[in-house]
Amino acid sequence: MMPIRESLILFAMALCHASFGQLDAEFESANEAYENGQFELALTRYESILATHRHFESEFNAGNAAFKLGEWGKARLHYERAKLLDDAQEDLQANLALLETKIVDRITIIPKLGLSSWLSSWIGPGRLMGWIWWSLLWWSASWGLWAFRWKRESRDSRNTLGFLALASLLLGILGLACAQESDAQMESPRQLVIMSDRVDVTSSPSESGTVLFQLHEGTRARILDRTSEWSEIELDNGNVGWIVLSATEDV
């Protein structure tokens with residue numbers, strides 16, 4: 001009889017295989033609809049995948065389908081979510097630039113300097129996979145150095161290899177901490193997208209607040225604060241105000 005532990009491992013592997021197989025089938029079905037010009041059906045199928053999986057290709061293709069339908073808010077939303085998973089994809093950057101030409105609001109980006117800006121460029125949501133690979137690389141190096149160390153007879157060589165193995169282990173731990181921070185930023189929304197055709201931005205979280213300016217579908221903003229019905233936002237040009245939650249969706 002197979003030991004319980006091995007049975008559980010095989011069962012978990014079977015579940016993972018079935019899950020990935022189902023994901024591939026759903027993704028191919030969505031791709032087929034997209035290729036046939038059924039963009040609304042494709043978008044529905046991609047979003048069905050994304051309801052249970054974090055998947056770059058589905059986010060990216062959902063953005064493409066929404067773009068074809070002229071739904072600038074949904075296109076921005078899915079492109080920005082794809083960017084959280086991998087911000088280095090050239091096709092994604094090109095499509096975001098094309099989407100900007102369709103959005104009414106023209107917002108000039110003011111570069112931000114300082115430690116927080118520098119850290120966000122290294123430990124942002126789009127850096128998650130990079131830090132995971134970093135950790136795996138240095139952990140593998142650490143184990144390799146420790147194994148090689150025991151084969152050396154020279155005390156000096158053993159000390160040197162031990163030091164390098166420890167340093168590699170610490171670098172791996174650093175990578176894990178950065179990966180956890182990147183993942184935490186993905187789980188806690190820091191941006192939103194305007195989903196309504198037009199919405200007022202007010203000076204306070206109230207309909208009686210002074211209207212400061214208006215935003216249109218597809219515009220992205222950072223979240224500064226939030227109440228049960230309102231979000232305080234900041235645009236890339238530094239403008240700040242309050243916007244009703246029902247007109248937005250979190251990235």
Side-chain angles (χ1 to χ4, degrees), residues 16-105 107 124-130 132 179 182-199 215-223 231 233 235-236 243-251:
C16 289
H17 179 73
S19 177
F20 282 115
Q22 182 180 2
L23 174 62
D24 288 340
E26 292 176 356
F27 184 64
E28 289 303 319
S29 176
N31 288 343
E32 182 180 356
Y34 185 91
E35 291 170 1
N36 291 333
Q38 298 172 295
F39 302 121
E40 189 170 349
L41 177 59
L43 179 58
T44 299
R45 290 178 176 175
Y46 287 129
E47 290 182 337
S48 177
I49 294 172
L50 295 168
T52 55
H53 295 80
R54 183 182 290 172
H55 191 227
F56 172 84
E57 286 78 9
S58 293
E59 292 286 10
F60 178 66
N61 289 354
N64 292 339
F67 185 91
K68 292 287 188 179
L69 293 167
E71 298 183 14
W72 313 134
K74 279 195 174 183
R76 166 74 83 174
L77 183 68
H78 288 297
Y79 284 153
E80 292 293 341
R81 287 176 176 173
K83 190 176 177 181
L84 293 180
L85 297 172
D86 187 351
D87 63 354
Q89 289 285 340
E90 292 184 1
D91 288 343
L92 174 59
Q93 298 297 334
N95 287 11
L96 274 169
L98 181 60
L99 177 62
E100 288 287 356
T101 66
K102 304 293 184 180
I103 296 173
V104 173
D105 300 315
I107 299 172
R127 307 296 182 182
L128 175 61
M129 290 307 301
I132 289 175
S182 295
D183 186 64
Q185 291 189 25
M186 292 175 66
E187 295 296 335
S188 178
R190 299 180 176 223
Q191 299 182 95
L192 54 74
V193 173
I194 309 302
M195 305 301 288
S196 299
D197 290 339
R198 183 176 61 187
V199 61
L215 293 176
H216 300 80
E217 183 182 3
T219 300
R220 173 186 55 83
R222 284 182 294 277
I223 301 171
S231 287
I233 62 169
L235 301 178
D236 288 334
I243 191 168
V244 65
L245 274 176
S246 59
T248 70
E249 192 162 343
D250 291 342
V251 173

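Worth knowing before you read on, the calculation uses all heavy atoms, side chains too, and leaves out hydrogens, waters and symmetry mates.
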Checklist entry - Counting distance only, does the side-chain N/O of E71 pair as donor-acceptor with the main-chain N or O of M195 below 3.5 Å? => result no

Checklist outcome for this item: Between A221 and L235, the two heavy atoms sitting closest are CB-CD2, 3.7 Å

Checklist outcome for this item: Here the gap from S58 atom OG to L50 atom CG, rounded to the nearest 0.5 Å, amounts to 5.0 Å

Next on the checklist: Can you tell me how far apart NE2 (H53) and CG (L23) are? Round to the nearest 0.5 Å.
Outcome noted: 5.0 Å

Item to check | Rounded distance [0.5 Å steps], CD in Q38 versus OG1 in T44 | outcome: 11.0 Å

Checklist outcome for this item: Residues L92 and D86: closest non-hydrogen pair is CD2-O, 3.7 Å

Next on the checklist: Quick check against the 3.5 Å criterion: does E217 have a side-chain atom that pairs as donor or acceptor with the backbone of G73?
Outcome noted: yes

Item to check | Test log, rule side chain to side chain contact (heavy atoms under 4.5 Å, CB included), inputs F67 and K102 | outcome: CA-CA 10 Å; F67 185 91; K102 304 293 184 180; 4.0 Å; yes

Next on the checklist: Rounded to the nearest 0.5 Å, what separates atom CD1 in I107 from atom OG1 in T219?
Outcome noted: 5.0 Å

Checklist outcome for this item: Output for pair (D236 CG, D105 CG), nearest 0.5 Å, gives 11.5 Å

Checklist outcome for this item: Those residues at least two apart in sequence (or on a different chain) that pass side-chain hydrogen bond (donor to acceptor under 3.5 Å, both in side chains) with E100 are R76

Checklist entry - Is there a donor-acceptor contact under 3.5 Å from the side chain of R222 to the main chain of I233? => result no

Checklist entry - Taking the six-membered ring for Trp, are Y79 and F60 parallel (under 30°), tilted (30 to 60°) or perpendicular (over 60°)? => result tilted

Item to check | L77 CG to R220 CZ distance, which is reported to the nearest 0.5 Å | outcome: 12.0 Å

Item to check | side chain to side chain contact (heavy atoms under 4.5 Å, CB included), paired with Y34, selected from N64, L41, L43, N61 | outcome: N64

Next on the checklist: For A66 versus A75, what's the shortest heavy-atom pair and its separation?
Outcome noted: CB-N, 3.5 Å

Item to check | Contact list for residues 31-41, test salt bridge (Lys or Arg N to Asp or Glu O under 4.0 Å), sequence neighbours left out | outcome: none

Checklist entry - Taking E59 as the fixed residue, which of R81, K83, H78 is the one that meets the side-chain hydrogen bond (donor to acceptor under 3.5 Å, both in side chains) rule? => result H78

Item to check | Sequence neighbours excluded - salt bridge (Lys or Arg N to Asp or Glu O under 4.0 Å) pairs with any residue from residues 43-53 | outcome: E47-K74

